[in-house]
2 protein chains.
Amino acid sequence: MSVVIPVVPRIVAGRIAHCESCGVRARSVCANLPEGDLMRLASISTVRQCGPGEVIMMEGEPAASYHNITSGFVRLHKSLPDGREQVTGFARPGDFLGLASEDNYGVTATAIGPVTLCRFPRDRFRTLMHALPTLEDRLLGVASHELVIAQERMLLLGRKTARERVASFLLDLAPPCGETGVILLPMTRTDIADYLGLTIETVSRTLSAFRREKRIDMKVPNQLVLVDRNGLSRIAQASAL
Amino acid sequence: MSVVIPVVPRIVAGRIAHCESCGVRARSVCANLPEGDLMRLASISTVRQCGPGEVIMMEGEPAASYHNITSGFVRLHKSLPDGREQVTGFARPGDFLGLASEDNYGVTATAIGPVTLCRFPRDRFRTLMHALPTLEDRLLGVASHELVIAQERMLLLGRKTARERVASFLLDLAPPCGETGVILLPMTRTDIADYLGLTIETVSRTLSAFRREKRIDMKVPNQLVLVDRNGLSRIAQASAL
DNA sequence: CGACGCATTGATCGCGCTCAAATGTCGTGG
DNA sequence: CCACGACATTTGAGCGCGATCAATGCGTCG
């Protein structure tokens with residue numbers, strides 16, 4: 001995470017994607033596609049690279065492309081005229097961008113660190129989608145899953161306390177279960193605050209509190225270990241996600 | 001709204017739906033289906049009736065059915081162990097219920113007032129969906145639209161003030177534009193508060209303030225008129241919805 | 001070494017919540 | 001038609017959580 005891409009075989013933007021050898025295919029919408037279909041998808045896709053902070057797509061602008069993340073992390077967000085921001089989600093390698101769009105994009109997508117994407121022109125992608133039931137079915141599955149997550153976040157934003165929000169966030173980041181591995185935070189405190197509907201100060205104070213209470217261990221700001229997962233789970237009012 | 005169903009030709013629950021004459025078809029997922037496909041859909045659907053407060057589907061339970069609302073209003077909500085509630089949305093006639101489900105329902109759906117539904121057994125519906133591209137495409141469209149709305153609501157819940165939330169809510173309810181028609185609120189103050197992430201007191205106070213400021217007119221609690229739509233729109237920090 | 005950006009910590013403020021009471025609405029039965 | 005009770009809504013008083021304002025710490029880069 002916060003992956004510095006090995007700059008050795010620097011991919012030229014615009015080149016056709018190599019789906020067969022793509023490392024994130026299993027996690028992506030292109031998973032399970034018959035080989036022929038995969039090639040048709042590859043034929044309309046190009047590689048796009050973005051640097052840190054670069055805008056991949058902009059809220060309100062015509063939805064010209066769909067994207068699939070092949071490396072790096074992306075922040076999805078909306079903002080109010082006066083600058084207040086809400087991060088609606090973070091996207092990881094394998095995630096699909098553009099589902100939540102009508103004719104115009106519904107959110108802005110900004111690269112956190114360097115990001116590599118598979119770009120699909122909207123019209124050609126939609127045509128192909130209609131021709132490939134497996135693909136459309138997969139997209140529906142992804143959209144349904146996103147909806148479930150969105151509803152869970154409405155509960156968090158509408159009804160949870162600051163402690164509950166931060167605890168929920170940490171648990172969502174944590175690997176599925178059991179593991180007491182290190183969690184790397186690719187995003188800043190500002191991103192986390194805007195994701196949880198809090199301020200950076202409250203996020204920072206809450207993390208400090210969890211550290212004092214020996215629930216987490218955090219030697220550097222963007223790297224932490226869940227020490228007392230059960231305690232956090234209790235605080236988070238963990239639901240059935 | 002809060003429609004008292006004319007009890008004259010009381011439909012017997014369980015009977016096969018009459019899609020051809022269905023009044024909400026144009027607004028539903030079954031719109032635009034070729035006639036033959038519509039009949040196949042009708043053949044797996046049954047009519048279900050629910051009384052006020054009745055639970056249509058329950059968060060966390062196995063997702064056995066999908067539903068389409070033919071009349072009445074439905075509250076979609078999630079709750080925390082201690083009873084705090086978040087209404088994730090209100091559903092109207094023509095809306096589809098169950099999209100935001102994995103194997104288990106992601107939210108609870110409760111009837112506000114009497115409700116009539118078209119019920120589709122999950123497995124049979126999914127089989128049919130895979131056979132009818134028009135249907136699956138339509139579902140993907142609905143899911144995408146729901147996602148856009150969900151993200152708008154995250155912005156509201158995470159970043160808007162009480163005044164902005166209530167103003168946004170009123171504008172969302174209002175007919176598309178121009179009209180200064182009467183808005184009927186089928187839901188209670190508690191529902192509105194749980195929808196906006198506020199308390200009933202704050203909702204009530206804010207509505208009273210809008211009335212004092214001559215932005216709305218409200219003679220009875222569940223019926224109001226937008227007097228100053230532009231003012232409300234300014235307050236709502238209206239975005240590109 | 002200083003400048004910058006990000007995170008942490010402290011002090012204080014205010015929006016929206018909580019607790020409490022009054023008022024309004026509506027259905028029911030005399 | 002009115003009296004009554006149950007329940008929803010409105011209004012008031014005071015408080016507390018999280019925001020705001022401000023200062024300090026800390027790591028990175030020129």
Side-chain angles (χ1 to χ4, degrees), chain A residues 2 4 52-53 75 80 82-87 112-113 156-170 184-213 216-224 235 237, chain B residues 2 4 51-53 75 80 82-86 112-113 156-170 184-213 216-224 235 237:
Chain A
S2 171
V4 176
R75 184 176 78 236
L80 291 171
D82 64 4
R84 279 173 287 173
E85 280 230 344
Q86 177 64 43
V87 171
I112 311 177
L156 179 144
L157 292 170
R159 289 303 181 212
K160 288 190 180 179
T161 65
R163 275 174 72 88
E164 289 164 356
R165 291 181 201 205
V166 175
S168 301
F169 173 70
L170 294 177
L184 295 170
L185 303 174
M187 68 295 281
T188 66
R189 291 287 185 275
T190 303
D191 291 340
I192 299 173
D194 287 341
Y195 181 66
L196 298 178
L198 300 170
T199 59
I200 50 173
E201 292 95 331
T202 299
V203 170
S204 182
R205 270 187 259 270
T206 307
L207 286 173
S208 297
F210 285 164
R211 192 168 38 184
R212 269 195 307 278
E213 298 162 9
I216 64 172
D217 194 12
M218 184 174 57
K219 304 207 188 319
V220 288
N222 58 348
Q223 187 173 330
L224 54 81
I235 293 170
Q237 302 268 357
Chain B
S2 169
V4 177
R75 184 175 79 236
L80 291 170
D82 64 5
R84 278 173 288 172
E85 280 230 345
Q86 177 64 42
I112 310 178
L156 179 145
L157 292 170
R159 288 303 180 213
K160 288 190 180 180
T161 65
R163 275 174 72 87
E164 290 164 356
R165 291 181 201 205
V166 176
S168 301
F169 173 70
L170 294 178
L184 295 170
L185 302 174
M187 70 293 281
T188 66
R189 291 288 184 274
T190 302
D191 291 339
I192 299 173
D194 287 342
Y195 181 66
L196 298 177
L198 300 171
T199 58
I200 49 173
E201 292 94 332
T202 299
V203 171
S204 180
R205 271 187 258 270
T206 306
L207 286 173
S208 296
F210 286 164
R211 193 169 38 183
R212 268 196 307 279
E213 299 162 10
I216 63 172
D217 193 14
M218 185 174 56
K219 303 203 188 320
V220 288
N222 59 349
Q223 185 174 332
L224 54 83
I235 293 171
Q237 302 268 354

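Every chain is numbered from 1, with letters handed out A, B, ... down the list of sequences.
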Expected string for nucleotides 24-30 of chain D under the B/S/- scheme (protein heavy atoms, under 4.0 Å, primed atoms plus P, OP1, OP2 as sugar-phosphate) is -------
request  = With the side chain counted from C-beta on, respond yes when A:Gln86 and A:Leu157 share a heavy-atom pair under 4.5 Å apart, and no when they do not.
outcome  = yes
Heavy-atom nearest pair, A:Ala162 first then A:Leu198, reads CB-CD2, 4.0 Å
In whole angstroms, the gap separating C1' of C:dG16 from CZ of A:Arg159 amounts to 11 Å
B:Ala209 and B:Arg163 have their tightest heavy-atom pair at CB-NH1, 4.3 Å
Of the listed C:dT8, D:dT11, C:dG16, the closest approach to the B:Arg211 side chain comes from D:dT11
Between NZ of B:Lys160 and C1' of C:dC15 the distance, given in whole Å, is 18 Å
Exercise for review: Verify side-chain contact (heavy atoms from CB on, under 4.5 Å) between B:Phe210 and B:Leu224, making sure each step is shown before the conclusion.
Suggested key: CA-CA 11 Å; B:Phe210 286 164; B:Leu224 54 83; over 6 Å; no
Taken to the nearest whole Å, CG/A:Asn222 to P/C:dG5 is 18 Å
Taken to the nearest whole Å, CG/B:Leu185 to P/D:dT10 is 10 Å
Between CZ of A:Phe210 and C1' of C:dT8 the distance, given in whole Å, is 16 Å
In whole angstroms, the gap separating P of D:dG16 from CZ of A:Arg163 amounts to 18 Å
Side-chain contact, heavy-atom cut-off 4.5 Å: A:Asp194 with B:Arg159?
yes
It should be established whether B:Thr161 places a side-chain nitrogen or oxygen under 4.0 Å from OP1 or OP2 of nucleotide C:dC15.
no
Numerically ordered, the residues 190-206 of chain A set in heavy-atom contact under 4.0 Å with DNA chain D is A:Gly197, A:Leu198, A:Thr199, A:Glu201, A:Thr202, A:Arg205
Rounded to 10°, the helix from C:dC1-D:dG30 to C:dG30-D:dC1 deviates from straight, judged by its five-pair end axes, by 30°
What one should report as the nearest heavy-atom pair of A:Val87 and A:Arg75 is CG2-CD, 3.7 Å
Atom CZ of B:Arg84 and atom P of C:dG16 are separated, to the nearest Å, by 18 Å
A:Pro186 and A:Ile112 have their tightest heavy-atom pair at O-CG2, 3.2 Å
Nearest heavy-atom approach of A:Lys160 to A:Ser168 is NZ-OG, 3.0 Å
d(B:Gln237 CD, A:Arg84 CZ) to nearest 0.5 Å is 5.0 Å
Here the gap from B:Asp191 atom CG to B:Ile200 atom CD1, rounded to the nearest 0.5 Å, amounts to 11.0 Å
- Message: side-chain contact (heavy atoms from CB on, under 4.5 Å), that's the test. Do B:Val203 and B:Phe169 meet it? Break it down for me.
- Response: CA-CA 11 Å; B:Val203 171; B:Phe169 173 70; over 6 Å; no
- Message: Please classify the nucleic acid contact of B:Met187 as base, sugar-phosphate, or nothing, using heavy-atom distances under 4.0 Å.
- Response: nothing
A:Gln223 atom CD is separated from C:dC6 atom C1', nearest whole Å, by 17 Å
